[in-house]
S.K.: 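Before I ask anything, here is the structure I am working with.
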Number of protein chains: 2
Amino acid sequence: MAVTIKDVAKLAGVSPSTVSRVIANHPRISVETSNRVREVMEELGYHPNMMAKSLVSKTTRTIGVVLPRPAEELLLNFFFYELIRGVLAQLTRAGYDLLMAGGSNEQEELETVTRLARSGRVDGLLLLYSRASDPVIHLLRKEKMPFVLLGRSLDYEDVPSVDNDNVQAAYDATKHLIAQGQRRIGFVSGPAKLAMTQDRMAGYTKAITEAGLPFKDGWVVEGEFLLESGYRAMASIMSQPEPPTALVIIDDVVAFGVLKGLTELGYRIPQDVAIVSFNNIALTELTMPPITSVDVGTYQLGYTASQMVLRMIQQVEITNRQIIPHRLVVRESSLRTLSLT
Amino acid sequence: MAVTIKDVAKLAGVSPSTVSRVIANHPRISVETSNRVREVMEELGYHPNMMAKSLVSKTTRTIGVVLPRPAEELLLNFFFYELIRGVLAQLTRAGYDLLMAGGSNEQEELETVTRLARSGRVDGLLLLYSRASDPVIHLLRKEKMPFVLLGRSLDYEDVPSVDNDNVQAAYDATKHLIAQGQRRIGFVSGPAKLAMTQDRMAGYTKAITEAGLPFKDGWVVEGEFLLESGYRAMASIMSQPEPPTALVIIDDVVAFGVLKGLTELGYRIPQDVAIVSFNNIALTELTMPPITSVDVGTYQLGYTASQMVLRMIQQVEITNRQIIPHRLVVRESSLRTLSLT
DNA sequence: TTGAAAGCGCTAACAT
DNA sequence: ATGTTAGCGCTTTCAA
């Protein structure tokens with residue numbers, strides 16, 4: 001049987017409540033008693049039972065992260081892991097733990113969230129991006145459970161969220177290609193119902209339109225955040241009479257697939273097709289050629305989001321929508337004038 | 001205030017214990033009552049308070065994963081994420097949650113484990129590989145906390161663990177290079193105190209020795225599981241009078257660094273230097289050239305380890321040491337006779 | 001400054 | 001088949 005507050009109390013010759021006060025750093029406790037109690041705690045290797053503590057305090061010092069269904073299927077992958085690093089760094093600093101919970105489809109995901117919210121297992125929740133008409137958000141608001149969205153809600157303007165300016169990011173990326181002299185620029189997209197996808201699409205369209213460049217439906221392909229998705233997209237997009245000579249790609253992993261596809265089809269990059277993608281994961285600089293990518297500050301996203309839920313829990317005033325700055329990291333894959341080294 | 005068992009009891013016109021029994025699917029409860037209670041639970045949106053439940057049952061339906069310090073520093077990365085996928089898949093199936101906790105150094109890591117073990121927050125623990133004389137293992141045994149090691153303990157033979165046969169894996173990888181006609185084979189290693197490193201080193205040495213090939217100290221470089229580590233290793237290893245013409249590399253990410261380093265130094269792969277590495281992460285097939293890698297069944301490792309802790313918790317008899325099979329995935333980077341396509 | 005007592009939401013004997 | 005009661009380990013009034 002684990003050592004409890006009573007054991008400590010008995011050995012220190014005080015009451016359980018005194019021990020409790022020592023733990024809580026209650027002001028009105030004599031230094032003397034405090035020290036003695038601490039010694040005993042040390043001696044006995046006492047650690048407070050979190051369950052009992054949580055039961056009375058209604059607080060768990062735990063933040064839940066709800067994995068989007070596709071995470072189970074490989075998905076965002078490196079991006080995701082980097083995000084978790086940021087989350088974990090901040091939570092650990094603040095003395096919070098991270099509870100990861102999934103669900104293998106939208107239905108299960110909602111059930112998981114309901115359970116976490118109502119069972120009192122977590123003090124707050126991190127949502128890993130949202131899709132159109134998300135019932136999860138509706139639920140959490142009703143339950144008054146603090147949560148932060150990584151991404152943006154399409155339904156509610158005022159949901160606490162940490163995001164990039166994805167419109168601007170895609171605009172910048174596309175502009176970069178235009179500045180390289182590209183005129184036929186396509187877009188390899190992600191799932192259409194994600195806000196992120198929509199925003200990047202919007203930025204792409206805006207840049208194209210502003211520059212007076214042609215926009216062709218056939219140059220835009222929708223897919224998943226998977227390598228295969230990018231790979232397959234090339235078969236269709238490049239088989240058109242006038243294929244694009246440059247591509248903006250929704251995600252680095254997809255870009256890897258694109259790279260593979262283009263190479264197999266005999267296109268040289270960037271000479272025949274220039275590419276730019278998003279997230280700037282570590283491996284973008286290792287492919288042949290290295291890939292130009294928009295660094296979205298992944299670690300920062302996770303770090304900031306965690307900070308935000310913690311603030312909400314502590315009832316600190318927060319800005320409802322935080323934007324993490326992005327920056328284009330230019331590498332070989334997008335440069336038109338390139339001598340073959 | 002959240003809805004409790006009492007609220008349900010009152011509205012259903014029964015006692016709290018009856019409600020409790022309904023939740024637990026107690027056999028001796030009338031179908032009638034059971035249904036009525038369930039209806040009320042549904043109506044009220046009742047979810048049992050996990051803290052209260054845990055307090056009395058001394059069980060949390062949560063498994064903790066302790067992150068190795070370097071995980072915070074990028075490290076194993078893709079390998080790690082794939083592992084977590086496996087863990088999560090199994091735990092979710094079993095209705096368990098995953099608690100992730102870190103520490104930024106060995107000291108903090110030990111404290112985290114102590115806290116988790118003693119505070120009753122988890123029913124079991126997954127340890128992400130062990131180093132020589134690991135105090136964590138000692139502690140957990142003393143506390144009688146169920147845990148499974150991913151990897152192998154250097155101190156204890158009988159620690160429940162899931163691992164690969166890393167000696168054999170490295171032996172196979174090295175043999176493959178030898179079969180390709182390689183005679184001067186080096187080894188880009190990881191942190192020497194990890195069991196995994198030692199095992200792979202042993203397999204490499206065994207293959208070399210058996211084949212009567214030379215073993216040179218200068219051909220073995222110790223490093224971290226980082227891209228930079230592989231990159232830097234090339235500067236030293238290739239500047240020797242007689243540099244190796246083939247390399248066995250401890251991890252794919254390190255191999256990426258090696259690839260980068262070799263390419264910059266003007267070596268062609270595999271013509272000038274052939275390479276083989278471990279883990280077979282998705283991107284090994286995307287580099288130029290694609291990298292031959294030993295698939296260690298990463299997802300399986302995580303899945304099996306979780307299954308094992310769960311069994312231990314349920315007091316089911318387990319095999320103390322499970323070996324996940326590996327297999328060499330041959331790609332261009334290790335093939336000697338290669339026409340330039 | 002400290003102790004006694006009640007109670008957080010639930011389960012599990014022990015009754016009936 | 002169901003209700004009553006005690007208690008899990010802790011915090012928190014209320015007294016002293």
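To find a chain, count down the sequence lines: A is the first, B the second, and so on, and within it residues start at 1.
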S.K.: Students often get this wrong, so: under 4.0 angstrom with heavy atoms, is A/I29 touching a base, only sugar-phosphate, or nothing?
M.R.: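 Sugar-phosphate, no base atom in range.
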S.K.: Summarise protein proximity over nucleotides 11-16 of chain D in one line of letters, 5' to 3': B for base, S for sugar-phosphate only, - for none, counting protein heavy atoms closer than 4.0 Å.
M.R.: BBB---
S.K.: Answer with base, sugar-phosphate or nothing: what part of the nucleic acid does B/S54 contact at a heavy-atom distance below 4.0 Å?
M.R.: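 Nothing: the residue B/S54, judged by heavy atoms under 4.0 Å, touches no strand.
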S.K.: Between B/S15 and D/dG3, is there a contact of a side-chain N or O with OP1 or OP2 at under 4.0 Å?
M.R.: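 So the side-chain polar atoms of B/S15 do come within 4.0 Å of the phosphate oxygens OP1 or OP2 of D/dG3, strictly under.
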S.K.: Taking 4.0 angstrom as the limit, do A/R321 and A/D163 come out as a salt bridge?
M.R.: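 Yes, this pair counts.
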S.K.: May I ask you to test the A/N35-A/V31 pair for a side-chain heavy-atom distance under 4.5 Å?
M.R.: yes
S.K.: Could you tell me whether A/D97 and B/R121 make a salt bridge, using a distance below 4.0 angstrom between a side-chain N and a carboxylate O?
M.R.: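 Judged by the 4.0 Å cut-off on N to carboxylate O distance, A/D97 and B/R121 do form a salt bridge.
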S.K.: Should B/K58 be listed as having a side-chain N or O under 4.0 Å from OP1 or OP2 of C/dT11?
M.R.: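 B/K58 to C/dT11 OP1/OP2: no side-chain N or O under 4.0 Å.
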S.K.: Please name the residue in the list B/V19, B/N49, B/T18 that meets the side-chain contact (heavy atoms from CB on, under 4.5 Å) test with B/I5.
M.R.: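 Running side-chain contact (heavy atoms from CB on, under 4.5 Å) over B/V19, B/N49, B/T18 with B/I5 returns exactly one hit, B/V19.
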S.K.: Atom CE of B/M51 and atom P of C/dC10: how far apart are they, to the nearest Å?
M.R.: 12 Å
S.K.: Between A/D123 and A/K58, is there a salt bridge with N-O shorter than 4.0 Å?
M.R.: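 Between A/D123 and A/K58 there is no salt bridge, as every charged N stays at least 4.0 Å from the carboxylate O atoms.
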S.K.: Just the rounded figure in Å: distance from C1' of D/dC10 to NE2 of A/H47.
M.R.: 16 Å
S.K.: Between A/R36 and A/E39, does any side-chain N to carboxylate O distance fall below 4.0 Å?
M.R.: no
